[in-house]
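Sequence lines set the chain letters: A, B, ... in the order given, protein chains first and strands last, and positions in each chain run from 1.
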Amino acid sequence: MQHTNKNDFLKRIAIIALLQFVLIFIIVVRLYVLQVLHSEQYKTLSDDNRIRVRLTLPNRGHIYDRNGKPLATNTISYRAILIPEDSPDPKKTLQEVSKLLNLSPEEIDKILKQLKQKPRFLPTVVKNELTWDQVSAIEINMLEIPGLTVEEGRGRNYSLGRYTSHVLGYISAPSDEDVKEDKSLMLPGAKVGKNGVEKFYENTLKGKAGQKEVEVNAHGRIIRELNYTPSIPGQDLQLTIQKELQEYTAKLLEPYNSVGVVVIDIHSGEVLSLVSVPGYNPELFFNGIDHKTWNALMENKYTPMTNKVIAGQYSPASTMKGIVALAALESNVSPQESFYCPGFMMMGRHKFHCWKKGGHGNMNMKNALMKSCDVYFYQIAKKIDEGPIIAMARKFGVGSKTGIDVPYEQDGFIASPEWKKRVRKLPWYPGDTILTSIGQGYVLMTPIQLAVMMGQTVNGGYKITPHVVKKETTAEQEFLNVSKDHLKFIQNALADVVNSPGGTAYRSRIREKKWRMGGKTGTAQVRRITMSERETGVRKGDQLPWELRNHSLFIGFAPIDKPRYAIAIVGAHEGFGSSFAAPMGKNILEKTQELMEKEDPKQPEKVKVQDHV
Amino acid sequence: MYSENIKIIEKLKNLNYFLIMMIFGLSLLGFSLLYSAGGGSFLPWAQPQIIRFFVGFTLMIFVAVINIRFILNYAYVFYGFSFVLLVAVEIFGMVGMGAQRWIDIGFIRIQPSELMKIGLVLALACYYHRLGTEEVRSFKYLFVPLILIFAPSILVLKQPDLGTTLLLIMIGISIIFAAGAKARYFVIAGLTFLGSIPFAWNFLHEYQKSRVLTFLSPESDPLGAGYHIMQSKIALGSGGLTGKGFLKGTQSHLNFLPEKQTDFIFTMFCEEFGLIGALALITVYMTLIFYCLIIAIRCRNRFGQLLVFGITMTLFIYVFINIAMVIGLVPVVGVPLPLVSYGGTSLITLLLGFGLLLNADVHQEFKLPRYD
């Protein structure tokens, strides 16, 4: 019986064997497809799996003053970072960490939120600027806080702090748009220049991120390094700023509310000092500023975040009279021609006042500049009309950017009849010309424009493009095409404003002969003085609220015989030009010359920057 | 020709040493792969596996030389014992130990479901040994084998262990087929099975459903359930024709490949040795399997035939399902690669099975009565 079904058994085994053979054949075909036909594709996937490109941050370039003294340098700080994939329970880790680092529950929530937005192998900063005690506390408790490590980070030190805030600007964490442009900014600790030189020269300063190809395991942990391209540190920058002068100027003006001052070399356009008051602490932004501090900065009525030198726009007031006089000379008005100033001038039914109630009497051009007689310039305006005045102002830079290498510069403004018709839908009145002639009405200038205007008047009529970063070559200067004799006349008259008794800035003259300066004061009305006020005499600045007081302006140059430096200073709501701006200008120009005389044009010492891996 | 009382020494002399060498060779390959999986170290996997192998090997030789009549007589007992253990595990599970699949007996943990694979083969071989040719073809004699198959299968399914359940059913059905049941029953059963899939779907656990779904489309969830199979395919594909070299599989050694020492050991092997290695290994397995089928045919008694066939079929199903699942042909059901994958119970069960196979081979000329 066992033999009878032997054949049947054989047959059935054969069927099974055939089936097995078919199944195995399917497997072999599948293996062939995977391992031979699609092998390349899977090899790429396998490498993608194990090879990660890690970027290493480059060191940012340092910034030095004109003599190689450091203004912005890199520092080393320590920060606690959390790598989510190394932590089985990031929340628990953070709670443990908060005992060591005093994290608030809000901070923990913020970090947890950040963790969710990043890939698990990318670290998130838990706390910056660790003290040595905190660093050692973390090292000791390593086991209780898995995923947390201390990382060396870089800080930025500004040797003059708030005194250079508006020149240097600041760096802080990149915005989403920044990251879109440069992926290496996704790295923790990456910073981007947000203002000042740090922003303007971002591409020079930032350097190039290094690349580290590492082999990682499935958990993202680095097993070994495969390839390493070191980062290229950013280039150092040498500024034209004179550090001591910058510090002196900033300290001098620190007690005041809102001031912009700039000192330039009128031949090279180098900016020796640029101060906007109030300043701000640039290190506030480094690790991200908190809302409260930010709001306080933004709501501060003295606008610390605005660089008043390039973005503060003020009526130039009497500081523009030199240019008006120049326009008159170029329109063939004789400097000897006199006009009588009774303290006002009638224009139709309107009465235009001179700043001096009793009037100046007979005024020629030189005296009118010296004493800043308004009526003289009203007469000039009446005589030559608005055209030459506006043209000359534009020629000297009013209404267009100077092109300084600091971001967010404003244009300033000067109106023309065409503008008024087009924008205001009003005709140009003779009164408009009169107001323009004394730098009021539809004229606005930034302090840097004032300084450039001043400089161009006394450097022989060459266009100045101010800059804060040292340039090796100076381009050929554009000649503004005005008579050198006329410029010389204005220069002498402005020298008399300061150095002749009766000049509006005589009290602010520099006594040292070789340093003597010339210049022009200005007092910009912030609002129209009413008839009743004029009569009752309630005009004294200190009796008005700060916002309504006059702006105090001064533009100056030195030395008078061979001009080299120009200054512009605007003290917002500080009153008369002769009482605030002129004496401040005197101090600064005096200091400028004192320091520049001593200056030894040596090259900046290059600090070797070690690149951290 | 052979007397019932041939000496143990004689039996040892007549053991199928070709088969033993193949078993030994495959196990040796397993040890070296476990050595590689351990990152070039005998710990944590290669060393315990070697120890277990020698325990299992001794057991195999012992089983190979005992009297086949004894095995026939105790076939149902073994089945019953395995069944009781399965029930016990089920009760422990009810008490609150969760999905517990094994029983701890000191030096080793035994999965009753593993023992049941041997038990089922023994019981079915014994059952058909005692049936006449006509009875085998008769419909009513299908009931007992089906109960023998499905009673433990349902218990295993409840553990839940879908892989072993399917394995038990496939082994059982193939033995019924080999024993000579009418071919048309298999056609009807196959159609019924296909028809019942939609109903069976509802009885599956969530994780089982997700395994099947991710099998159908692993790319849909590359970081979740599809991760295993994606990484396995990457490892296989990147191995190419010749592989990355022993101990050099990046996917496996960098832990992208999960379970590389157990279910996915074939993947690691293919990553390191390429398609050539894979074909060589498959050839060895198929040689072993076909050789065992020849042994089955050579057996003069029905019990031996079906016993050898059942164990060979178990071996084949293991090999096929394991390879098919790591290359993405079938869902990942947790079936080890026989003799190579790390794992105590499956290795010892397998060696026990080979012991029975060797036993049947030694007793191939042995005339066994239907009943003692």
Side-chain angles (χ1 to χ4, degrees), chain A residues 1-52 85-86 119-121 213-224 226, chain B residues 132-133 136 174 177-180 183 227 230-231 233-244 249-251 253-258 270-271 274-276 278-279 282-283 285-286 289-290 293-294 296-297 299-302 305-306 309 312-313 316 319-320 323-324 327-329 367-368 370:
Chain A
M1 185 199 74
Q2 280 179 347
H3 283 275
T4 52
N5 60 13
K6 179 91 190 178
N7 283 337
D8 186 51
F9 184 64
L10 198 66
K11 211 167 83 191
R12 298 233 164 178
I13 293 293
I15 291 169
I16 295 273
L18 188 68
L19 189 70
Q20 288 177 348
F21 188 81
V22 169
L23 289 175
I24 290 301
F25 185 73
I26 293 171
I27 282 180
V28 170
V29 169
R30 175 77 167 184
L31 278 171
Y32 177 76
V33 169
L34 281 175
Q35 296 197 277
V36 177
L37 296 185
H38 295 161
S39 184
E40 283 311 309
Q41 175 195 336
Y42 285 115
K43 271 180 186 146
T44 314
L45 283 173
S46 163
D47 281 347
D48 283 354
N49 251 348
R50 70 188 179 98
I51 297 171
R52 297 261 187 286
E85 66 185 4
D86 292 344
R120 282 181 54 77
F121 58 86
E213 278 182 14
V214 291
E215 188 173 61
V216 297
N217 67 8
H219 308 292
R221 190 180 302 284
I222 297 172
I223 305 296
R224 66 192 166 113
L226 297 176
Chain B
T133 316
V136 169
S174 61
F177 177 77
Y227 179 83
M230 277 302 293
Q231 294 299 337
K233 279 185 184 173
I234 291 172
L236 281 161
S238 63
L241 190 65
T242 52
K244 297 175 183 171
T250 54
Q251 283 284 107
H253 292 294
L254 297 174
N255 287 327
F256 287 102
L257 187 66
C270 290
E271 192 189 12
L275 181 65
I276 291 171
L279 291 180
I282 289 171
T283 308
Y285 272 120
M286 289 318 289
I289 286 160
F290 286 146
L293 288 180
I294 291 168
I297 294 163
C299 276
R300 304 288 295 257
N301 54 72
R302 196 133 169 79
Q305 278 181 347
L306 292 176
F309 173 77
T312 309
M313 204 58 204
F316 174 79
V319 173
F320 175 75
I323 297 179
I327 64 177
L329 279 178
K367 283 199 172 59
L368 270 177
R370 282 216 228 168

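In this structure, A:Gln41 CD and B:Lys233 NZ are separated by 9.5 Å, a value rounded to the nearest 0.5 Å. Here CD1 of B:Ile297 is found 5.5 Å from CD1 of A:Ile13. Values are rounded to the nearest 0.5 Å. For the atom pair A:Glu40 CD and B:Ser238 OG, the distance stands at 10.5 Å (nearest 0.5 Å). Put simply, CG on A:Leu34 and CG on B:Leu236 are 6.0 Å apart, with the number rounded to the nearest 0.5 Å.
Both the backbone and the side chain of B:Phe320 come within contact range of chain A, each with at least one heavy atom under 4.5 Å from a heavy atom of that chain. In this structure, the portion of B:Phe309 lying under 4.5 Å from any heavy atom of chain A is its side chain and not its backbone. Only the side chain of B:Ile282 comes within contact range of chain A, judged by heavy atoms closer than 4.5 Å. Neither the backbone nor the side chain of A:Leu19 has a heavy atom closer than 4.5 Å to any heavy atom of chain B.
Comparing B:Leu293, B:Ile289, B:Leu279, B:Leu241 by heavy-atom pairs within less than 4.5 Å of chain A, the highest count is held by B:Leu293. Of all the listed residues (B:Gly274, B:Ala278, B:Ala235), the one sharing the greatest number of non-hydrogen pairs under 4.5 Å with chain A is B:Gly274. The choice from A:Ile24, A:Val28, A:Val36, A:Ile26 that makes the most heavy-atom pairs within less than 4.5 Å of chain B is A:Ile24.
The side chain to side chain contact (heavy atoms under 4.5 Å, CB included) test applied to A:Leu37 returns A:Tyr32, A:Val33, not counting sequence neighbours. Every residue two or more places apart in sequence or in another chain that forms a side chain to side chain contact (heavy atoms under 4.5 Å, CB included) with B:Ile294 is listed here: B:Arg298.
Two residues are said to be in side-chain contact when any heavy atoms from C-beta on lie closer than 4.5 Å; A:Gln20 and B:Met286 meet this criterion. Put simply, the side chain of B:Phe316 does not reach to within 4.5 Å of the side chain of A:Ile16, judged on heavy atoms.
A donor-acceptor distance shorter than 3.5 angstrom exists from the side chain of A:Ser39 to the backbone of B:Gly237, with no hydrogens or angles considered. Distance alone, capped at 3.5 Å, places no donor-acceptor pair between the A:Arg12 side chain and the B:Ala179 backbone. Judged purely by atom type and a 3.5 angstrom limit, A:Arg30 has no side-chain atom pairing as donor or acceptor with the backbone of B:Leu329.
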